[in-house]
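Here is the structure we will look at.
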Protein chains: 2
Amino acid sequence: MEHRIERIKKHLHSQSYKLTPQREATVRVLLENEEDHLSAEDVYLLVKEKAPEIGLATVYRTLELLSELKIVDKINFGDGVSRYDLRKEGAEHFHHHLVCIECGSVEEIEEDLLGDVEKLIEGEWGFQVKDHRLTFHGICRVCQKAAVSSGSNTSSHN
Amino acid sequence: MEHRIERIKKHLHSQSYKLTPQREATVRVLLENEEDHLSAEDVYLLVKEKAPEIGLATVYRTLELLSELKIVDKINFGDGVSRYDLRKEGAEHFHHHLVCIECGSVEEIEEDLLGDVEKLIEGEWGFQVKDHRLTFHGICRVCQKAAVSSGSNTSSHN
DNA sequence: TTAGTTGCAAACTCTTTGCATTTAG
DNA sequence: CTAAATGCAAAGAGTTTGCAACTAA
């Protein structure tokens with residue numbers, strides 16, 4: 001964890017940005033919640049626990065900065081809120097998401113599923129792919145089980 | 001075109017919604033601009049040309065209704081604006097998009113590229129896929145050519 | 001020392017809502 | 001006739017910005 005902070009610090013310095021305590025606290029919150037998809041407000045509340053004086057505007061500015069530096073990815077699941085996701089070390093592509101339409105849970109898929117599809121896009125459409133966003137909407141394992149055990153009689157031909 | 005209006009009318013009636021002149025005008029605008037990805041504001045301005053009395057709130061309400069009825073899809077390319085896209089007749093899945101990071105153009109791909117990937121998701125992750133959103137960000141054909149002819153010397157190993 | 005950063009409050013943008021009035025079916 | 005829909009203006013939610021004070025490098 002510390003080495004990741006250190007790396008981000010260098011990344012900031014290389015562009016003559018400073019690593020302020022507020023920024024460090026924000027990055028720490030993101031590191032400690034890598035699995036989640038926090039909104040700016042979520043981050044704000046968590047940062048506030050460590051550094052109560054921080055303002056929401058600073059969180060927004062920090063997240064925007066980290067986003068520009070490709071340290072985080074800004075995503076949008078369709079509710080009107082932006083969420084921020086730390087990029088995995090050395091990840092070439094943005095990871096994918098499985099969003100459950102029942103319970104709202106979000107699962108991440110690191111695996112690159114789109115290699116072939118991207119080749120097709122470049123070949124057939126002449127479009128040079130730089131990044132992608134892929135989200136599946138559906139029903140997660142847990143909610144499928146819940147539906148079965150509550151006796152919903154949807155014919156499951158599987 | 002008229003038969004598509006007629007079909008939508010029936011779809012509305014079947015749920016005891018009315019096809020008001022405002023709704024019809026909105027649907028017509030969407031039909032006439034199927035290729036584009038209009039924001040609510042865009043739709044509002046276009047509808048206003050035919051039906052100047054319409055209010056922005058009505059456009060929002062209509063788009064939300066059409067979205068619920070799966071007549072349109074609501075999408076979000078990351079700028080803070082929702083865009084609305086008429087579903088193609090009989091389209092099972094949401095189509096894909098190629099967004100150019102140079103010129104902002106958006107191209108649509110009707111072809112279903114994710115059949116295999118979805119099977120994998122269902123098999124490996126036990127996640128029952130209902131729909132997906134796939135957007136590629138990159139450089140469109142036109143901007144690639146522009147970059148070459150303006151003599152940008154980025155080594156293109158292709 | 002000083003360019004960069006912060007907190008605050010006010011401003012902005014997009015979207016939703018309350019309500020009196022109108023209208024499609 | 002009446003439930004549904006409309007237009008307007010006001011309210012909400014999320015995000016951005018101006019500015020004087022502050023601070024990391």
Side-chain angles (χ1 to χ4, degrees), chain A residues 5-6 8-27 29 37-69 71-84, chain B residues 5-6 8-27 29 37-69 71-84:
Chain A
I5 301 262
E6 203 52 41
I8 290 168
K9 183 173 183 174
K10 285 196 181 118
H11 195 155
L12 287 170
H13 285 176
S14 76
Q15 318 260 355
S16 64
Y17 293 120
K18 298 171 183 173
L19 183 64
T20 63
Q22 292 91 333
R23 284 183 183 163
E24 185 172 336
T26 303
V27 170
V29 162
H37 299 80
L38 303 175
S39 67
E41 184 90 34
D42 295 336
V43 173
Y44 172 61
L45 292 173
L46 289 167
V47 172
K48 224 165 183 203
E49 291 173 10
K50 321 189 173 215
E53 55 330 318
I54 200 171
L56 181 53
T58 299
V59 172
Y60 271 105
R61 283 188 279 231
T62 300
L63 291 172
E64 197 203 337
L65 177 62
L66 295 175
S67 198
E68 268 167 34
L69 299 180
I71 294 167
V72 307
D73 282 305
K74 188 175 180 179
I75 38 175
N76 202 305
F77 291 134
D79 53 347
V81 195
S82 293
R83 296 171 182 283
Y84 300 85
Chain B
I5 301 263
E6 203 52 40
I8 289 168
K9 184 172 184 174
K10 286 197 181 117
H11 194 154
L12 287 170
H13 287 176
S14 77
Q15 317 260 354
S16 64
Y17 293 121
K18 298 171 182 173
L19 181 63
T20 63
Q22 292 90 334
R23 284 182 182 164
E24 185 172 336
T26 302
V27 171
V29 162
H37 300 78
L38 303 176
S39 67
E41 183 90 32
D42 294 336
V43 173
Y44 171 61
L45 292 174
L46 289 167
V47 172
K48 220 157 192 218
E49 291 173 8
K50 322 185 173 221
E53 34 5 292
I54 201 172
L56 181 53
T58 299
V59 172
Y60 271 103
R61 284 187 279 229
T62 300
L63 291 171
E64 195 203 339
L65 176 62
L66 294 175
S67 198
E68 267 167 34
L69 298 180
I71 294 168
V72 307
D73 283 305
K74 187 176 179 178
I75 38 174
N76 203 304
F77 290 134
D79 52 349
V81 195
S82 292
R83 297 172 183 282
Y84 300 85

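So you know, we letter chains A, B, ... as the sequences are listed, proteins then strands, and number each from 1.
A straight line from CD1 of A:Ile54 to C1' of C:dA9 spans 17 Å, rounded to a whole angstrom. When the P atom of D:dA5 is taken as reference, atom CD of B:Glu68 falls 11 Å away, rounded to whole Å. Look at CG on A:Asp79: it is 18 Å from P on C:dC14, rounded to the nearest Å. Whole-Å rounding puts the A:Leu65 CG to D:dT16 P distance at 13 Å. Computed from coordinates, the B:Arg23 CZ to D:dG7 P distance equals 11 Å when rounded to whole Å. Atom pair A:Gln15:CD and D:dA25:P shows a separation of 15 Å (rounding to whole Å applied). Put simply, CD on A:Glu24 is 15 Å from P on C:dT5, counting in whole angstrom units. The nearest whole Å value for the distance from the CG atom in B:Leu12 to the P atom in D:dA4 is 13 Å.
B:Tyr84 places none of its side-chain heavy atoms less than 4.5 Å from the side chain of B:Leu66. Annotation: side chain of A:Glu41 is not in contact with side chain of A:Val81 (no heavy-atom distance under 4.5 Å). Considering only heavy atoms from C-beta on, A:Ile54 comes within 4.5 Å of A:Thr26 through its side chain. A 4.5 Å side-chain heavy-atom check between B:Leu65 and B:Leu12 finds at least one atom pair inside the cut-off. Inter-residue side-chain proximity for B:Pro21 and B:Glu24 is flagged as unmet; no heavy-atom pair is nearer than 4.5 Å.
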Donor-acceptor pairs under 3.5 angstrom involving side-chain atoms of residues 55-63 of chain A: please list them, not counting sequence neighbours.
| unit_1 | atom_1 | unit_2 | atom_2 | d |
| --- | --- | --- | --- | --- |
| A:Thr62 | OG1 | A:Thr58 | O | 2.8 |

Summarise how protein sits on nucleotides 15-25 of chain C as a single string, 5' to 3': B when a protein heavy atom is under 4.0 Å from the base, S for sugar-phosphate-only contact, - for no contact. BBBB----BBS
